[in-house]
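Here is the structure we will look at.
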2 protein chains.
Amino acid sequence: MQNALKNIFPAFSNELIATIEENGTLHDFEAGTILMRTGQYIKNTVLITRGKIKIYREGEDGGEFLMYYLQPGQACAISMICTSKSEKSQIMAKVVEDVSVMMIPLQMMDKWMMEHRSWYEFVIETYRSRFEEVLEVVDNIAFRSMDERLEFYLKRHSDACGCQEVKLSHQEIATELNTSREVVSRLLKKMEQRGLVKLNRNQIELLKLN
Amino acid sequence: MQNALKNIFPAFSNELIATIEENGTLHDFEAGTILMRTGQYIKNTVLITRGKIKIYREGEDGGEFLMYYLQPGQACAISMICTSKSEKSQIMAKVVEDVSVMMIPLQMMDKWMMEHRSWYEFVIETYRSRFEEVLEVVDNIAFRSMDERLEFYLKRHSDACGCQEVKLSHQEIATELNTSREVVSRLLKKMEQRGLVKLNRNQIELLKLN
DNA sequence: GAACTACAGTAACATTTATCACAGAAGGAA
DNA sequence: TTCCTTCTGTGATAAATGTTACTGTAGTTC
């Protein structure tokens, strides 16, 4: 186990790993579970050791908007930011592939920042990379049209899974981009005509993208 | 001077204030100055003691998109995040009202985090509030139409200045929302017809908003 | 006052995206 | 097979936003 954590978070010092083992608790959640809702209080910082979590924003009318995915070796920046004062979550977190997460009580957060250099650096880097990712999201919706955003979305997916196939229905994609299925279908069809993708049921093969 | 800083950043401990005085340098910049550009390396953390700075994202085509304003008592979260590894800035920062800023060399950042509790808390709170603000921006562009975004924009301005008048031309507003002047003019006219605002040259009075 | 400039209003039109309506195809279940 | 459900494709239309083009108005400068 200790080795497992060290493999997933190689930057952590051995003492830090030991401390995490001691104070954190490991939990498994199935795909579909909602780990966090808008407005909910946060009591733990979450480190992902397996699976995939989707972080998204929910509109008043129930629409969704994907911010980013969390994968093994990463942590939820929101949970880190909010824990320090037990603030409310501003986002939704949903498990998309069965996950294992290490939950760390919020009191540890401040303590470790002072005691463990590798924790401090990890936290700062988490803030930085998430902030950057959100800025990129802003760029996309502020400056790009739906066809560009769709391309970007597909690329991001294939980067994340390391393969050339995106196994999602048009409806699922539409939901994450907060648009309608028809729009996604039409744009994908155009991309297919341009030779960028090949469409199958519940699956999109990326050809010339990347 | 010591008192001045203490007034603007009341949460800072006296030792911290003294350390800032010792290591930071005070600079003045006129309205219009661009303090930071996308892609530029960051060498300092910036504390605002006077004036107003606009933080925005720039599109490839030169379009802008307002993220938020920085005012006295606040710090640039981006400069804090990036300094730790001397990363590149992802945003633009432009002075909109003559400012005085305290520049703190990046090496201090990490050091003070360990040594000064009030600095640590300030930094975490800065991260949190900016992240939240950016999430709100995402909400606005993802879920709201231009008329709602315009209302929100005007409210934010009047909150910031504490008055009921927004002294901006339609063109300036259009630029910050990344739309065209004609659209802003049209929507403002409709708002005037609904009795929400009163339009004058270079000035919009908010009536029923807030 | 005349000339100039920045700002504001508005009509006409183009484009993008959303919505409605429906049809057909793929796959699973009885 | 037949029935059902989910997914996909596509036309027609509506709504929101962007673009072009032109007019008028307020303030400034000469």
Side-chain angles (χ1 to χ4, degrees), chain A residues 31-32 59-66 138-154 157 165-206, chain B residues 31-32 59-66 138-154 157 165-206:
Chain A
E60 288 155 6
D61 54 352
E64 304 193 356
F65 195 89
L66 174 70
V138 171
D139 264 20
N140 275 306
I141 34 179
F143 300 122
R144 302 194 201 297
S145 52
M146 197 50 90
D147 54 349
E148 292 176 292
R149 286 171 53 196
L150 179 58
E151 276 197 36
F152 182 81
Y153 176 86
L154 294 175
H157 256 272
E165 284 111 48
V166 176
K167 291 189 195 306
L168 292 169
S169 72
H170 297 183
Q171 181 58 65
E172 289 175 292
I173 297 172
T175 301
E176 304 215 315
L177 294 173
N178 192 44
T179 180
S180 67
R181 182 198 57 82
E182 293 89 328
V183 171
V184 171
S185 286
R186 268 199 280 267
L187 293 175
L188 281 174
K189 210 64 199 166
K190 278 189 200 163
M191 288 174 69
E192 187 172 47
Q193 282 156 10
R194 285 196 291 148
L196 299 178
V197 295
K198 184 165 179 318
L199 302 180
N200 303 302
R201 191 186 171 86
N202 275 318
Q203 192 224 43
I204 300 163
E205 282 176 53
L206 309 195
Chain B
E60 289 155 4
D61 55 350
E64 331 193 328
F65 195 88
L66 174 69
V138 170
D139 264 20
N140 274 307
I141 31 180
F143 300 122
R144 302 197 200 297
S145 52
M146 196 51 91
D147 54 349
E148 291 176 293
R149 287 171 52 198
L150 180 57
E151 276 196 34
F152 182 81
Y153 175 87
L154 294 175
H157 257 274
E165 283 111 46
V166 177
K167 291 190 195 306
L168 294 168
S169 71
H170 297 185
Q171 182 58 64
E172 289 174 291
I173 297 172
T175 301
E176 304 215 316
L177 294 172
N178 191 46
T179 181
S180 67
R181 181 195 59 80
E182 292 86 335
V183 172
V184 171
S185 286
R186 263 201 292 265
L187 294 176
L188 280 174
K189 210 64 200 167
K190 278 188 201 163
M191 288 175 68
E192 187 173 47
Q193 281 155 12
R194 286 197 290 148
L196 300 178
V197 296
K198 183 164 181 321
L199 303 179
N200 303 303
R201 190 187 173 86
N202 274 319
Q203 193 224 45
I204 300 164
E205 282 177 53
L206 309 195

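Just so it is clear: chains get the letters A, B, ... in the order the sequence lines come, proteins before strands, and each one is counted from 1. Everything numeric in this text was worked out from a predicted model, so none of it was measured.
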ask   = Roughly how many Å is it from CG in A:Leu199 to P in D:dT10, rounded to a whole number?
value = 10 Å
inquiry  = Could you walk me through whether B:Glu205 and B:Lys167 satisfy the salt bridge (Lys or Arg N to Asp or Glu O under 4.0 Å) test, starting with their C-alpha distance in whole Å, then the side-chain angles of each, then the deciding distance to 0.1 Å, before giving a yes or no?
reply    = CA-CA 9 Å; B:Glu205 282 177 53; B:Lys167 291 190 195 306; over 6 Å; no
ask   = Touch check for B:Asp147, heavy atoms < 4.0 angstrom, all strands: base, sugar-phosphate only, or nothing?
value = nothing
query = Given C:dC20, D:dT8, C:dA8, which nucleotide is nearest the side-chain atoms of A:Glu182?
reply = C:dC20
query = Once you round it to whole Å, what is the distance between C1' of C:dG9 and CD1 of B:Ile204?
reply = 14 Å
ask   = Is any NZ, NE, NH1 or NH2 atom of the basic residue among B:Arg144 and A:Glu60 found under 4.0 Å from an Asp or Glu carboxylate oxygen of the other?
value = yes
query = Could you give the CG-to-C1' distance, from B:Asn202 to C:dA8, as a whole number of Å?
reply = 10 Å
ask   = Counting side-chain heavy atoms from CB outward, which of C:dA8, C:dT17, D:dT17 is closest to B:Val183?
value = D:dT17
query = Once you round it to whole Å, what is the distance between P of C:dA8 and CG of B:Asn200?
reply = 10 Å
query = Could you give the NZ-to-P distance, from B:Lys189 to C:dC7, as a whole number of Å?
reply = 17 Å
query = Given D:dT19, C:dG9, C:dT19, which nucleotide is nearest the side-chain atoms of B:Arg186?
reply = D:dT19
query = Tell me: CD1 of A:Ile141 to C1' of C:dT16, nearest whole Å?
reply = 17 Å
key: A:Arg201 (side chain) and D:dT6 (base): donor-acceptor pair under 3.5 Å   = yes
note = When rounded to whole Å, the CG to P distance for the pair B:Leu187 and D:dG18 reads 9 Å
task = Under 4.0 Å between any heavy atoms, over every strand shown, what does B:Ser180 touch: base, sugar-phosphate, or nothing? Just pick one.
result = base
inquiry  = With a 4.0 Å cut-off on N to O distance, would you call A:Glu151 and A:Arg194 a salt bridge?
reply    = yes
d(CD, A:Gln203; P, D:dT8) in whole Å = 11 Å
remark   = One should read off an interatomic distance between A:Leu187 CG and A:Glu182 CD, to the nearest 0.5 angstrom, of 11.5 Å
ask   = Closer than 4.0 Å, any side-chain N/O of B:Ser169 to the OP1 or OP2 of C:dA6?
value = no
request  = Determine whether the side chains of B:Asn178 and B:Glu64 contain a donor N or O and an acceptor N or O closer than 3.5 Å.
outcome  = no
query = Any donor-acceptor pair under 3.5 Å between the side chain of B:Arg181 and the base of D:dG18?
reply = no
query = Among the nucleotides D:dT8, C:dA8, C:dA18, which one has an atom lying closest to any side-chain atom of A:Thr179?
reply = C:dA18
ask   = Any side-chain N or O of B:His170 less than 4.0 Å from the OP1 or OP2 oxygen of C:dA6?
value = no
